[in-house]
Amino acid sequence: MIGQVHVIGAGLAGLAAAVKLAANGRGVVVHEAGDHAGGRCRSYFDAALGCRLDNGNHLLLAGNRRTLEYLDLIGARATMVGPDAARFPFVDLGTGERWVLRPNRGRLPWWLLRRDRRIPGTRLADYLEAWRLWRARDADTVAARLDPERLLFRRLWAPLTIAALNTAPEDASARLLWRILRMTFGAGGASCRPMVPGTGLSESFVDPALGRLGGAVRFGRRLRALGFDGARVDTLRFVGDDVALGPEDQVVLAVPAPIAAGLLPGLDAPDQFRAIVNAHYRIDAPRDPALGGADFIGVIGGLAEWVFVKPAVVSVTISAADRLADRPAPELAAAIWRDVARALNLPGAEPPPWRIVKERRATFAALPAQLMRRPGATTSWKNLFLAGDWTQTGLPATIEGAIDSGLRAAELMIAGLTGQAR
Ligand SMILES: Cc1cc2nc3c(=O)[nH]c(=O)nc-3n(C[C@H](O)[C@H](O)[C@H](O)COP(=O)(O)OP(=O)(O)OC[C@H]3O[C@@H](n4cnc5c(N)ncnc54)[C@H](O)[C@@H]3O)c2cc1C
């Protein structure tokens, strides 16, 4: 007899596990503590600005294989938009220089040989320094392997590390950055083509999944404890009621790391986090043809890091932003707007209506020591599996990592494997 699967948490990890299991004919119930799905990757209506906002600007790449698999499962691949080739426009506010990073489609990176394709002021030899990451040891940081004094560090390695790992290069794992480089630039420009949701995060990643799952997602269901019987979980204790599990029932725990650590004493999990600050401005900014079909621009030498131009809103992301967490919102809104205005050639005196969102625990910190604390999908209990961007995916805390972890937990269950890794 095949039991039911209880998925705890309706973030992307939990949704990915649930839709994969459901597509394979398994009975699934998703229990979500909040009153909405999507976790850290969702859209919401902001009453003050009078429009929908995304909880952070999530940029994906065409090489995010597991994300595309998930989008296909929920029938939402066509909701993603972006330029038809890898294009990353940048501006350096220190010098006023602008360029578009354009890796060529194939794996052989001939674009590095062309000065007009390289970042201004850099030489081929600067890029070859990336091989030093390949030889990095587990404990090495990015800044220990790559020369922070070089222009390429300032214009590529540092912004890439901060954006992909949400951790400053002085602290971030060199090996993890190497993995990202292999999966992106190493796989060729076709894999680097940027994609963003055409309408919003929820419309691409959440609502279509809820449509597939029908009434299987229950909201306001906060798991407060697990009950164990020997090598199995036998009870789910929610705020308000307990659910007794049948002998064949299984559980995917897809909650954030600190919650999982509270539910499973003795679990090693990342316990250091980094903030992301988002600034949203209510303005219909004109599409800049200089962005080459990309609706975003990377900013070097400012407070703003990535500026996204959306219908009726300009949204800015600043990662590894713990230094900003205590700065007053009006001060941040004004300072970030000055960068946005310069980056997009807009009038800069007064910011339009704004909203600052500080996500203090946006992702775990990609420090070498924290990566050692990431558990696999299986646990000491044969019917309990783990998922979440913080589990051992080999990726930073990203959509791709979260979805991969959920699909993987589902695949282990579909293959009939039990937990009990230890
Ligand atoms: C501001 C911001 C910007 C980001 N930008 C990017 C980006 O550009 N690209 C990218 O790839 N990634 C980005 N990320 C990271 C990405 O959003 C996350 O990696 C991903 O959404 C994590 O999904 P998850 O399912 O692992 O966790 P979560 O989204 O945290 O989901 C966990 C779910 O569990 C629920 N839950 C918690 N406790 C309980 C309980 N006791 N019982 C039941 N349910 C519970 C929560 O309510 C939540 O819905 C960003 C994140 C933030 C915050």
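Both ligands and their constituent atoms are indexed starting at 1 by order of listing. As the structure is a computational prediction, the values presented were derived from the model and not from experiment.
- Close approach of ligand 1 to I8 (heavy-atom distance below 4.0 Å) involves ligand atoms 42 (N), 43 (C).
- For R77, the salt bridge (Lys or Arg N to Asp or Glu O under 4.0 Å) criterion is met by D72, not counting sequence neighbours.
- For ligand 1, the atoms closer than 4.0 angstrom to any heavy atom of A362 are 53 (C).
- Considering backbone and side-chain N/O atoms, L59 comes within less than 3.5 Å of an N/O atom of ligand 1.
- Of all protein heavy atoms, the one lying nearest to atom 31 (O) of ligand 1 is G11 CA, 3.4 Å.
- Residue A397 has at least one heavy-atom neighbour below 4.0 Å for each of these atoms of ligand 1: 15 (C), 19 (O).
- The ligand atoms of ligand 1 that sit less than 4.0 angstrom from a heavy atom of R222 are 41 (N), 42 (N).
- With respect to the salt-bridge test (charged N to carboxylate O, under 4.0 angstrom), the residues R175 and D140 do not qualify.
- Within the structure, salt bridge (charged side-chain N to carboxylate O under 4.0 Å, His left out) contacts touching residues 352-364 (residues at least two apart or in different chains) are D46-R355, D326-R360.
- One finds no salt bridge joining D404 and R65 here, because no Lys/Arg side-chain nitrogen approaches an Asp/Glu carboxylate oxygen to under 4.0 Å.
- Backbone and side-chain nitrogen or oxygen atoms of E400 are examined, and none is located within less than 3.5 angstrom of a nitrogen or oxygen of ligand 1.
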Item to check | Pair T317-N57, side chain to side chain donor-acceptor pair (under 3.5 Å): steps then yes or no | outcome: CA-CA 7 Å; T317 295; N57 298 301; 2.9 Å; yes
Item to check | Residue pair N383, E248: steps toward the side chain to side chain donor-acceptor pair (under 3.5 Å) verdict | outcome: CA-CA 8 Å; N383 62 341; E248 304 298 331; over 6 Å; no
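- Here atom 12 (N) of ligand 1 lies nearest to I399 when heavy atoms of I403, I399, T391, D35 are compared.
- In A163, neither the side chain nor the backbone holds a heavy atom less than 4.0 Å from any atom of ligand 1.
- The residue among E359, R274, R221 with a heavy atom at the shortest distance from atom 43 (C) of ligand 1 is R221.
- Remark: ligand 1 and D389 share an N or O pair separated by less than 3.5 Å (distance only, no angle test).
- For atom 7 (C) of ligand 1, the closest heavy atom belonging to the protein is H58 CA, 3.5 Å.
- The distance criterion of under 3.5 Å between nitrogen or oxygen atoms is not met by P256 with respect to ligand 1.
- When heavy-atom distances to ligand 1 are checked against a 4.0 Å cut-off, T317 has no atom that comes that close, whether in backbone or side chain.
- With respect to atom 23 (O) of ligand 1, the closest heavy atom belonging to the protein is A402 CB, 3.5 Å.
- The closest protein non-hydrogen atom to atom 52 (C) of ligand 1 is I276 CD1, 4.0 Å.
- Looking at ligand 1, you'll find an N or O of A33 within less than 3.5 Å of one of its N or O atoms.
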Item to check | Candidate pair R150 and T122, rule side chain to side chain donor-acceptor pair (under 3.5 Å), full reasoning | outcome: CA-CA 9 Å; R150 292 200 187 200; T122 63; over 6 Å; no
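- Residue N278 has at least one heavy-atom neighbour below 4.0 Å for each of these atoms of ligand 1: 1 (C).
- Heavy atoms of L223 found under 4.0 angstrom from ligand 1 belong to the backbone as well as the side chain.
- A salt bridge does not link E97 to R154: none of the charged side-chain nitrogens sits closer than 4.0 Å to a carboxylate oxygen.
- Considering backbone and side-chain atoms together, G388 places no N or O closer than 3.5 Å to any N or O of ligand 1.
- Checked by distance only, ligand 1 and T363 stay at 3.5 Å or farther apart across all their nitrogen or oxygen atoms.
- By heavy-atom distance, the residue among E32, R360, R42 lying nearest atom 49 (O) of ligand 1 is E32.
- In this structure, the side chain of D322 engages the main chain of A275 through a donor-acceptor pair within 3.5 Å.
- In the vicinity of A13, heavy-atom distances shorter than 4.0 Å reach the ligand 1 atoms 25 (O), 26 (O).
- The distance criterion of under 3.5 Å between nitrogen or oxygen atoms is met by R40 with respect to ligand 1.
- Among all non-hydrogen protein atoms, the one lying nearest atom 21 (O) of ligand 1 is C41 CB, 3.6 Å.
- Of the heavy atoms in H31, only backbone atoms (N, CA, C, O) come closer than 4.0 Å to ligand 1.
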